[in-house]
Amino acid sequence: MDELNKALNDGNELGQDLELNSASDEWQRLSPISILYFTVRSLFLIANNFIYLVPIVAVNFSTFKDQPLLVVFIVLALLMVLALIGFLQFLFYRFRVQGQRVEIKQGVIKKSHIDLPFERIQNVKLEQPLYYRFNNFACVELDTAGSAKQEAKIIALKMDLAQAFRKTVIETNYENKLNEEQGNEGQVESASSAPAVNEVELNRRSMKDLVIHGVSNNRVWIFLGALAPFYASISDALSQLFVSIGFDVEAYFSIQTLAWWEFALHVLSLAMLLMLIIVLFSVVGSILMFYGYTLCKSDDRYIRRSGLLTKQEVSMKQSRIQLMVQQQDWLDILLKRVNLYFEQNKTGSVNQNQPGQHLANKLLVPSVTPQESAELMHDVMPEQALPSQNFAAISKRFILKNAALFALPLAGLIGATLQHKNDWGWLAGLGIFAFFIAIITLRWWRWGYSFDSDFAYIRKGFLGVNYYCFPINKVQQIHFKQNSFMRPYKLATLRVVLASGALSVPYMDEYIVRKQINRVLDVLVSDKRSWM
Amino acid sequence: MTDISSNQQIHLQSLPQVEEMDLQSLSPRYRVLNIQISLILWGALALISAIVHWQPLFELSSTVADVSFFATFCLIFISISGATYHFFADPKKQYAIREHDVHFHSGLFFRRLVSQPIMRIQHIEIARGPIERSAGLATLQVYSAGGANHAFQIPGLVHEQAIQLRQYILDHKDVKENG
């Protein structure tokens, strides 16, 4: 606490307008800049929820065009209402930091009071939207370990205060842990000898890396999500553009007037053009999200900072990482890059339904080289040995089952339908069957599993390949599954539930599945380390 | 509940392997209850459909007559196959409690054994719907950090037994320390 108060005092000495001082038991009000934050937030909320109104606007477009003043008036009125709501939210928002806990009172009509002890804060995330950049404010988002549905956010703090706050929370938690471990023997270290928050930069992504990431990973959704309200007007504008340059879309794709190769060429070139546009947008999305990406380590925490318009700072405690995933799409394999994910407890994160928030419980290092990935993985879990694993294959009956259950009926159906119209239908059916078999075989070939003394490793994929690695002592629950198809051949599915989600490996040897289940349960009897 | 007290004496090395565990059956009332629900609920719907089809009061349009005729037999089929399924599948539902973990085995065609280490349990609930209450049964629900999708459940326990089981887990030292 001293640390924070000192920092807060320093802040005051720097002439900041926040009246936070050692007497911070007083309820504090936010800086007025937060009105802007509240307003923009409601604007986004409305945009998100009223996308379905777009067609109505589009239909009445001509009416609006005739009365531009009305439109301006409506928009202005809406903005004023939102600003008023923002002002009210600002007026009713109070917070205080007192004795290792944060309290937030908010809400105009529906009031809420959040009382959050530091030790329940799992992550402190700093966010800096564009409009906070000029006067260096930040929004502090507090991730709780529980299943908190409400969001705990301190909407506007000066950046250095926010950083001091984050540091204090982390250090308090660290000290508490130290005290717990050493407290009974009277070896409590004083607060002043708390670990220095020395940050070490582990990784940095250059613009080139981000472009590669954009090309190999579809980040279009970041862009598409932002563009959603304008789809109707974009398509209108496009068709008008085509008309104005004299490009006849219908003639271009007319199958009656074109030779089949011409038609195919036209479709192909359109597809290429679309792909190019998508890739371009994807690159832009990647840069928006990961611009200036750095991954740092401070004591036992990993901190990710990135973002072009909204700067984000996400931190994740080393011990909370449940699973490491090394993901490679086919393009990543060609480019020799890897997306590395560190995944933590999924249940605690809020805002899962917002675009981009599915990454909230994950820490992504985008498009690193396999070498860098191996080094980072070694840093997070030094005992794991993913690179030196020999993966065991699953049973070939996996191919047989999928062939019998999916490929054969589906190909048979398509073949029979075509045969009905054409004598060569059976050949098409056969081709489709062969294609399915190739896909299933590829899938089978990617499946693999391996275990060493402390870790389990899973390999799976299709065109790309993903590697999963987790410490056995973090398993939450374990399943043995066997269907009628597996039983005669002594095969089974192993399913492991981690706090970050579940993983399954099908068609393993029944004996191995049982052996691993027994081993995991035995490990958990003797290894009492927390999974957090 | 004798298995709990006797289990505590066993040393780790001699713990039975998961596949050799002595599995306990659920309450026999559970199967009876499920068969009854299947027969009565779906049977009642079949009866309604049959009454609609064969009532002499008014003429049905041909579509309604076809649908109600078809529905009657479908509902009878669902009712009987459901009852048959529970007759064979419910005895396969068994559980086991060891010193450090709880297990639930189920499945007629898709066999599944879920093992939940007690150390990882975050909270426990006993759920009882009105039908379960009337039969004196309860479902024990155990939650880990794996989330609600992976809640560990033992249905068809006698209520007192479920309470005992919950208490055993709550008293477990790993739950006291970590839960």
Side-chain angles (χ1 to χ4, degrees), chain A residues 122 145-147 180 320 322-323 344-349 352 361 472-487 490-504 506 510-511 513-532, chain B residues 7-8 10-21 23 88-89 92 94 96-123 125 141-154 172-179:
Chain A
Q122 184 167 339
S147 49
E180 261 173 43
R320 293 220 160 114
Q322 310 289 317
L323 172 71
Q344 65 166 357
N345 183 7
K346 198 158 70 180
T347 40
S349 49
Q352 291 264 358
N361 70 323
I472 286 170
N473 73 312
K474 297 209 175 190
V475 169
Q476 299 283 338
Q477 198 182 68
I478 192 157
H479 299 202
F480 172 96
K481 287 163 70 179
Q482 191 174 52
N483 59 32
S484 316
F485 199 81
M486 295 169 162
R487 208 168 305 135
K490 298 204 175 307
L491 299 170
T493 297
L494 176 70
R495 186 171 170 83
V496 177
V497 179
L498 297 165
S500 56
L503 292 168
S504 296
E510 178 190 293
Y511 166 76
V513 176
R514 290 201 195 280
K515 195 176 116 188
Q516 291 305 326
I517 289 177
N518 281 317
R519 192 167 77 97
V520 169
L521 293 175
D522 281 353
V523 164
L524 288 178
V525 169
S526 53
D527 187 344
K528 298 292 180 198
R529 274 180 294 168
S530 166
W531 57 273
M532 294 244 288
Chain B
N7 209 359
Q8 285 174 338
I10 296 169
H11 291 292
L12 189 68
Q13 284 74 16
S14 60
L15 268 178
Q17 299 283 288
V18 166
E19 56 272 30
E20 295 156 3
M21 280 180 318
L23 292 164
F88 290 108
K92 301 268 181 207
Q94 291 170 308
I97 295 124
R98 302 198 301 181
E99 210 173 329
H100 298 284
D101 30 57
V102 286
H103 308 261
F104 183 67
H105 180 269
S106 63
L108 192 59
F109 303 110
F110 299 90
R111 283 198 195 147
R112 179 192 284 254
L113 178 77
V114 184
S115 302
Q116 175 67 60
I118 294 179
M119 183 193 176
R120 292 281 177 259
I121 293 174
Q122 289 200 318
H123 86 271
E125 277 174 25
Q141 295 176 329
V142 170
Y143 295 89
S144 66
N149 292 339
H150 300 105
F152 175 90
Q153 291 205 25
I154 308 181
H172 198 282
K173 64 178 193 315
D174 288 337
V175 173
K176 279 184 176 167
E177 280 165 22
N178 300 311

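So that the names make sense, note that chain A is the first sequence line, chain B the second, and so on, each numbered from 1. This is a predicted model, so every value here is computed, not measured.
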Checklist entry - How long is the span from the NZ atom in A:K481 to the CG atom in B:L113, to the nearest 0.5 Å? => result 12.5 Å
Checklist entry - Could you state the interatomic distance from CG (A:L524) to CE (B:M119), rounded to the nearest 0.5 Å? => result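 Going from the CG atom of A:L524 to the CE atom of B:M119 covers 6.0 Å.
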Checklist entry - Relative to chain B, which of A:R514, A:M486, A:R487, A:Q322 shows the most heavy atom pairs under 4.5 Å? => result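 Max contact count across the listed options: A:R487.
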Checklist outcome for this item: Applying side chain to side chain contact (heavy atoms under 4.5 Å, CB included) to B:S106 and not counting sequence neighbours gives B:K93, B:F104, B:R112
Item to check | Sole candidate of A:L521, A:I478, A:V520 that passes side chain to side chain contact (heavy atoms under 4.5 Å, CB included) when paired with B:V18 | outcome: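 When side chain to side chain contact (heavy atoms under 4.5 Å, CB included) is applied between B:V18 and each of A:L521, A:I478, A:V520, only A:L521 qualifies.
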Item to check | Contact class of B:I118 relative to chain A, heavy atoms under 4.5 angstrom | outcome: neither
Checklist entry - Which region of B:H103, side chain (C-beta onward) or backbone (N, CA, C, O), has a non-hydrogen atom less than 4.5 Å from a non-hydrogen atom of chain A, or is it both or neither? => result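 Looking at B:H103, just its side chain touches chain A.
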Checklist entry - At their closest point, which heavy atom of A:V475 faces which heavy atom of B:R120, and how far apart are they? => result O-NE, 3.1 Å
Next on the checklist: Looking at A:Q476, is its backbone amide N or carbonyl O close enough to the side chain of B:Q116 to form a donor-acceptor pair, meaning the two atoms are under 3.5 Å apart?
Outcome noted: yes
Checklist entry - Do other residues, nucleotides or ligands put more than 12 heavy atoms under 6.0 Å from B:K92 NZ? => result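 No, the 6.0 Å shell around NZ holds no more than 12 heavy atoms from other groups.
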Checklist entry - How about A:N483 and B:R111: do any of their side-chain heavy atoms sit closer than 4.5 Å? => result no
Checklist entry - Below 4.5 Å, heavy atoms only, C-beta onward: do A:Q477 and B:V114 meet side chain to side chain? => result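 They are in side-chain contact.
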